[in-house]
Amino acid sequence: MNNEFEPKVVAFVCNWCTYAGADLTGTSRIKYASNVKIVRFPCTGRIDFMLLLKAFANGADGIIVSGCHPNDCHYTSGNFHARRRWILFRSLLDFMGIDINRIQFSWVSAAEGAKWADIVNKTVTNIRELGPYMEYRRAANFLEANEEELTKELARNKEEEVKHG
Amino acid sequence: MSKIGVFVCHCGENISATVDCKKVAEEAAKLTGVEVSLDYKYMCSDPGQTIIKEAIKEKGLTGVVVAACSPRMHEPTFRKACAEAGLNPFMCEMTNLREHCSWVHEKNDQTTEKAIDLVRMLVEKTKLNKPLNEIKVPVSKKALVIGGGIAGIQASLDIANAGHQVILVEKEASIGGHMSQLSETFPTLDCSQCILTPRMVEVAQHPNITLYNYAELESLDGFIGNFKATIRLKAKSVDPKACTGCGACYNKCPKKKIPSEFNEGLGMRTAIYTPFPQAVPNKPVIDKENCNYYKNGKCKICEKVCPTGAIEFDKPDEFVTENVGAIVLATGFNVLKPDFFPEYGYGQFKDVITGLQFERLASASGPTLGEIRRPSDGKVPQKVVFIACAGSRDPAKGIPYCSKICCMYTAKHAMLYQHKVHGGESTVFYMDIRAGGKNYEEFVRRAIEEDGANYVRGRVARIYEKDGKLIVKGVDTLLGAKPVEIEADMVVLASAGVANCGAEELAQKMHVSYDPYKFFAEAHPKLKPVETNTAGIYLCGACQAPKDIPDTVATASGAAAKVIGLFSKDELTREPLVAVVNRIASHDVSTCVGCFMCQTACPYQAIEREEVKNRAGEVIKTVARVNPGLCQGCGTCVSFCRSKSIDIQGFSNEQMYAEVLAVLNTP
Amino acid sequence: MEKQGYISEIKEHTGINVNRCYQCGKCSAGCAVTDEMDYPPSMVMRMLQTNDDENYKSVLQSESIWLCITCQNCVTRCPMQIDIPRLMDYMREQSLQKKMVSKKAKNIVSFHKSFLDPIRFTGRSYEIGLVAGYKMRTFNLLQDLNVAPSMFMKGKLPILPERIEGRKQIKEIFDKTKKEDK
Amino acid sequence: MAELNSKVKELFEKDLIDIFIGYEEGTRNPRPYFAYSAQDADNLVFNDKCQGNLAVYLTRKDLVGGKRVGISASYFALKSISQLFDENQLKEDLLIVLGMKEDGSILEFKGLDEIRTYLSEAKAPSKQKDDELLKELSEMSQAERWQFWSDELSKCFKCYACRAACPMCYCTKCIIEVNRPQWIQPWISTQGNMEWQINRVMHMAGRCSDCGSCGAACPIGIPIHLLTHMMTKTVAANFGESNEQGNVLSTFKPDDKENFIL
Amino acid sequence: MKIGFYPGCSLKGTSSEYAQSTLALAKAFDIDLVEITDWNCCGATAAHNLNHELATALPARVLALAEKDGLKEIVVPCAACYNRLSVTQHELNENQDLKNRVEEILEMPLSGNLEILNVMQFIDRYIAGKIEGKVVKPFNHKVVCYYGCLLVRPHDVLKFDRLEDPQSMDILMKKIGADSMDWGYKTECCGAGFSVSRTDIVGKLSGKIVKDAYDRGAQAIIVACPMCQSNLDMRRPHINSYLKTKIDIPAMYITQAIGLAVGVSREDLGLKKLFVAPTFA
């Protein structure tokens, strides 16, 4: 075992394009980093933004979201809906200081086996550089960590109350 | 408590060469709820499937996870095996250890670790799977064919001959379409009418075909197997039951100078008319736009001369509603009027005509009875120029695509001209000759080699008139773009084939997708060439893209085969991977608040409004309901629903959530 | 990947992708001066499409690029709306910069330069200056001797050049946009 | 002011409404008031200090269910009302909406179309302070923004006053109450609080009137209205101001612009 | 409202009769045309043949000056200038970078909303409506209207009339009683700027134009471009030698023709300045 940080990357992909594209990567025997695990959805339109947050909360360091190119959606418009959602979601996360560089969006068609390998490798390299995503995970027990500080603050308040009494 | 069976496949060495399958099976066995976990060389083989089936029976498994190749490959195989062993097939899931793991990673511990993660994901998902039953939809075995050209005729006859009822809707007064206008057909030069007319008659006489001529689709509801089509029967002003087709009316009609659509404006027709002598049905209609009575309230000569009293003025359009199980769209194409090319002077110079007009000139039933005579003065043109790609391959003024049929019909025109006008000179300006097809190239060569059509490679820049001649200015690009100037008597523009007028509106009515040129879009350009994205609606002929007659007929029979296939069963079964709105026990506990964002988002119009009433029968709220016949299971609605009231079977919120947590190995 | 070479340079400077041309020849067919040209416009397009430096050189050294009168017949009829006149402008600029101007086109180039000279100094064009400058450049001293007197007679040639107030500004415009030397 | 009182009186006297949702004088600012009779109408006030978005009461079944309602609506309340119509939550024949002109006189809207026309012409009240804060935040580094919001949201104790104050939060079962799966941690933690706010704001996208009631309602003063304000601006910047079909998220344009998808 | 007037260099020199007749016609209809203060040459074909940036900056100065004069619309009788000014305004409006660069060179701002009218547009807007009542001497001659290149192309930018078979001149000519005929050379090139440098080409191209007009029995070629006019008129010796015959159909400006019809004097229209004199006037 080496000590290098191995990022955990979850890929949310649609069944018709990117999943099939990743199948093609396999049949073409193109190698890519094994850090990525694919969760299959019927369509990018199905991918709930909460699942992305859940992945971060539960230890994912990076996320790939990928589906059919515009106009290629098996369901005609799921990817268009998804695109709108991601435009807003990204700006909200960015505004809240959540690291959007850890989410890679892409369109990978069933014919783009090589592109899929490329995206995975790029994302893994990128996340490896960014390091583990601790901030978001730590926020889960933020209060616990600050309990001490809170106690102090409460005490201080009390003192002041007494002073002003 | 779940009892999951995990079956790890070696796929020969495809998986086991890089993944320690045994270890995967061992680790999977440790997962909560996993009852049995084993590995085998070929899970998809008969013995492999037997292992699964026996495990289901012996251990009473509630779910199966097969860790093998892509589910896109073998999911149906294993689901079928489970069903055979008495387990609901939708309790079986696959995880992809081959394409997504063994084939793309090196042999090492991490690869095996990933394989274990992948199995864990699907085990956690499968625990939350619910038994699902295939959706059964009844099929009404009656087809609607829209468009009565050769495509619609062929499709109707094929379906009708298989014993099913067909409703054929044609917007014009007669069926026959563009093919009935053609003179001869390439590459055999047999007469178009001669091969088409018997088919038209067959349609009229077929006991299984109901023909609505002069009619259009008004609206369409429903879904595959259960469409409800409302058809507008435009008022013909002639009662077809009473009319015997004697022709007294149009012989006496005083309005005789209306440009005939059938003759592409080269001949005239009356206000009460049949489009052409061989029309089916051969009964006239009144063109209200041009009829004296409809325009100024006086005339009614036809009414006076009609021996059977069939004329009925001022009747409104009627509507009929038909329940059909499948629809074939065969609305054909249109020829782009090349008046957007001011440099060619179409519309300005009478002797610049379109290919379709040339067909009428060459047709024995045409305005010149098959003699080539130019429209301006009726003289036989001694020099004719044919210009290919007049509109096609011209993103600037026309259309960017190749209209496919023009090379062939231009060669045919040159040939027909040479046959009919001895000593005449024909010049064809072309850029490329696209003659891919059985006997097509030979046909073009014949026009050049035997009939002496002069082919010049280059596009004409301009045509102007001088002293009764049309001066055509082009170049021969094969001679270094050397100018070529021809004083022609007539110019024929191979105008482009475009989508029929009203195609977009019709597509929207039917929720069929269409391309930027308003041609209807296939579900898959190669593998589903006659299907649309809307289940139960099929395509054929030139409404998809310009097509020649052989291709049109082939797709028409293809579409018919799809319809006949659909009608071969009384019920339609569909995968139950569709959305559902939560409704535990009674309606009013639905958490749906009826905002209908899902309805806006659904690409299939699968979301309906359902009124929830109390005992007094008052509507207390309106909630969403998914029509499982229409839902295709994309799940877009699911991620829209704020209150999570809508969910999708097989990819439910709980399942996906569990899968994500399992990937990250979070308990 | 886009190929390196002059095709991409042309695209960068003019926005024209010469590979869009599919050689229908309509430009040449409508061109007013095709039969004067050593390479008709469609041939120029074809030569540029080869991305072959020899062919590029032939274009830059051709008379064709100087014979183009910018009548715009080609681009208005081109099915791909390729702006050939703009391309010709660019070829002329390149030809001048690379000092490859065809000897046969000397008259035309001299005329253009002579036309601009008076503008540079007075702000307006000045036919006598133009013609004089042109003659100096071409040594065509006898040309138009037959027309000029009657032009004077008809009051068509003012003897003194018009000068505008903003001459300094005009000179600056020339200086700031200057690309090549005379 | 008397104009409103007499107008509402008239509505009651002509028996056109059962309840009027308006404001009465409060200790500092006017507060919501429900008038049930012509006499009650005397207590009503309506001026530019009336800030709370009264549209929130229009979806409270216990208050208005089946009743004919009159309401005095601020600019933001009108926006919410218009959106609620889009979402099938209101019935035109059960609602009489009164607005205020710039000169303070009362405006009675005859139906939804008039409200829409008014909104398309009226200028949105300035949000200068919020805009400044927004600018300040967006100029911070990502780490600083994270610090800011994790500090702020660490204080939240999930009272859901933000939800209660919002006219758009009318679900009978909020996602926070959905427990299969448990989308949002129900206990108090910065992460769970964030998840709640992210959900809330994503659910507001394209629907929010930008009234800021959520922020005003927060007992701890977390500036959560900046999130919705930012979302409103993002939606407008990316997809345009108006959308005839309701929610921007349930519609799309094939040429929506993005620059982050590979 | 003030209507600006940009004569351009040709109208100050070789084609002074065009300016003269335009102004005379405007005067006859009580329209005041104000010359743009201190205008400069638009650079014509020469500039854009040699240097694109120069070819933009020169006309841009004219536009800026017109805006500075507070003009909303300007009349540009010369087709070449009309073309250059319109194309420049269009390019600057489309390309912000170029606009910035040009504004920097000129040190003058540009709004880009100037309305640039050619002579037909001007007549159409301010004169055509009153023309019929004012015709004192119908122009009852067979004519062909010659539009040339620069009035109609590039169509996307100029958006003037129909591209291949324009009608605006014909319509005006018919209004003053002329028999305006269809012919083959409405928009073919006359040789344009090659007048001096390649007179042989001009002889040939203009020759074809004159020949077609002659063949159809035209008594005059009506033009609206000083370059076309001078090629068809002044280069008649070259034309005749190319055609190996002598054709004496005059090439006259549309402003002259209309002027004659509404009774403006021959002197005011500068008819004397035509090399090939119209026999009927």
Side-chain angles (χ1 to χ4, degrees), chain A residues 44-45 48-54 56-57 64-67 69-71 73 76-101 103-108 115 118-119 122-123 135-146 149-150, chain D residues 134 137-138 140-155 157 175 181-185 187-195 197-199 201-202 204-206 226-228 230-231 233-235 237-239 247-262:
Chain A
T44 35
D48 199 308
F49 62 85
M50 270 310 284
L51 288 170
L52 273 61
L53 291 181
K54 284 293 149 191
F56 278 142
I64 298 174
V65 180
S66 183
H69 286 271
N71 294 320
C73 177
T76 68
S77 56
N79 55 352
F80 288 132
H81 286 296
R83 181 170 63 187
R84 278 216 160 175
R85 190 179 312 142
W86 302 137
I87 290 171
L88 299 181
F89 186 57
R90 258 175 60 98
S91 57
L92 177 60
L93 291 197
D94 189 40
F95 184 67
M96 295 183 76
I98 295 168
D99 193 355
I100 50 171
N101 295 320
I103 311 178
Q104 178 62 59
F105 295 93
S106 64
W107 306 131
V108 174
K115 183 178 177 186
D118 209 36
I119 294 216
K122 266 190 196 144
T123 311
E135 290 89 338
Y136 195 78
R137 256 173 271 166
R138 269 196 212 117
N141 34 30
F142 202 78
L143 295 188
E144 209 178 308
N146 281 309
E149 206 170 303
L150 267 172
Chain D
L134 218 60
L137 271 164
S138 50
M140 288 182 181
S141 72
Q142 178 230 318
E144 285 168 337
R145 278 198 296 274
W146 169 257
Q147 197 58 48
F148 175 85
W149 285 109
S150 48
D151 277 355
E152 285 293 336
L153 290 171
S154 70
K155 300 180 208 158
F157 54 87
I175 185 166
Q182 184 76 52
W183 285 106
I184 296 168
Q185 298 168 355
W187 59 88
I188 298 160
S189 77
T190 309
Q191 195 186 67
N193 299 345
M194 265 185 178
E195 284 174 347
Q197 286 302 333
I198 291 173
N199 257 285
V201 178
M202 285 301 285
M204 285 308 129
L226 291 182
L227 296 171
T228 45
M230 172 268 167
M231 183 53 83
K233 293 192 124 188
T234 310
V235 166
N238 282 285
F239 314 124
N247 193 338
V248 280
L249 276 192
S250 62
T251 55
F252 66 88
K253 287 201 186 97
D255 49 358
D256 281 337
K257 292 279 172 291
E258 48 73 23
N259 53 10
F260 56 87
I261 305 181
L262 283 181

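Note that the coordinates shown come from a computational prediction; the quantities given were computed from them, not determined experimentally. So you know, we letter chains A, B, ... as the sequences are listed, proteins then strands, and number each from 1.
Once rounded to the nearest 0.5 Å, the distance linking CD of D:Gln185 with NZ of A:Lys54 reads 5.0 Å. Between D:Ile261 atom CD1 and A:Arg90 atom CZ the span is 8.5 Å, to the nearest 0.5 Å. Taking CD of D:Gln142 as the start and CG of A:Asp99 as the end, the distance is 4.0 Å to the nearest 0.5 Å. Expressed to the nearest 0.5 Å, how far OG of D:Ser150 lies from CZ of A:Arg138 amounts to 11.0 Å. Considering CG of D:Leu262 and OG1 of A:Thr123, their distance stands at 7.5 Å, rounded to 0.5 Å.
Looking only at side-chain heavy atoms (C-beta outward), D:Met202 and A:Phe49 come within less than 4.5 Å of each other. The shortest side-chain heavy-atom distance between D:Leu153 and A:Met96 falls under the 4.5 Å cut-off.
Using the six-membered ring where Trp is involved, A:Phe95 and D:Trp149 have ring planes that are tilted, between 30° and 60° apart.
Remark: A:Pro70 engages A:Phe80, A:Arg83, A:Trp107 in a side chain to side chain contact (heavy atoms under 4.5 Å, CB included) (not counting sequence neighbours). By the ring-ring contact (aromatic ring centres under 6.0 Å, His included) test, A:Tyr136 pairs with no residue at all, sequence neighbours left out.
Both the backbone and the side chain of D:Lys253 come within contact range of chain A, judged by heavy atoms closer than 4.5 Å. For A:Ile119, the part lying near chain D is the side chain, with the backbone staying farther off; criterion is any non-hydrogen pair under 4.5 Å. In this structure, chain A has heavy atoms under 4.5 Å from both the backbone and the side chain of D:Asn199. If you measure heavy-atom distances from A:Leu93 to chain D, the contacts under 4.5 Å come from the side chain alone. For A:Arg137, the part lying under 4.5 angstrom from a heavy atom of chain D is the backbone only.
Ranking D:Lys257, D:Glu195, D:Met140 against chain A, the residue ahead of the rest is D:Glu195, based on heavy-atom pairs under 4.5 Å. Most heavy-atom pairs under 4.5 Å with chain D: of the set A:Leu51, A:Ile98, A:Asn79, this distinction falls to A:Ile98. Options D:Ile198, D:Val201, D:Asn238, D:Thr234 differ in how many heavy-atom pairs under 4.5 Å they form with chain A, and the most are formed by D:Ile198.
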Full working for side chain to side chain contact (heavy atoms under 4.5 Å, CB included) between A:Met50 and D:Ile184: CA-CA 9 Å; A:Met50 270 310 284; D:Ile184 296 168; 4.0 Å; yes

Dump the intermediate steps for side chain to side chain contact (heavy atoms under 4.5 Å, CB included) on D:Phe239 and A:Arg84, then the final yes or no. CA-CA 9 Å; D:Phe239 314 124; A:Arg84 278 216 160 175; 3.3 Å; yes

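When each of A:Ile100, A:Ile87, A:Ile103 is checked for a side-chain contact (heavy atoms from CB on, under 4.5 Å) with D:Phe260, only A:Ile87 meets the rule.
Closest non-hydrogen pair, A:Ala140 versus D:Ser189, comes out as O-CB, 3.0 Å.
Using a distance-only test at 3.5 Å, with no hydrogens or angles considered, a donor-acceptor pair links the side chain of D:Arg145 to the main chain of A:Asp94.
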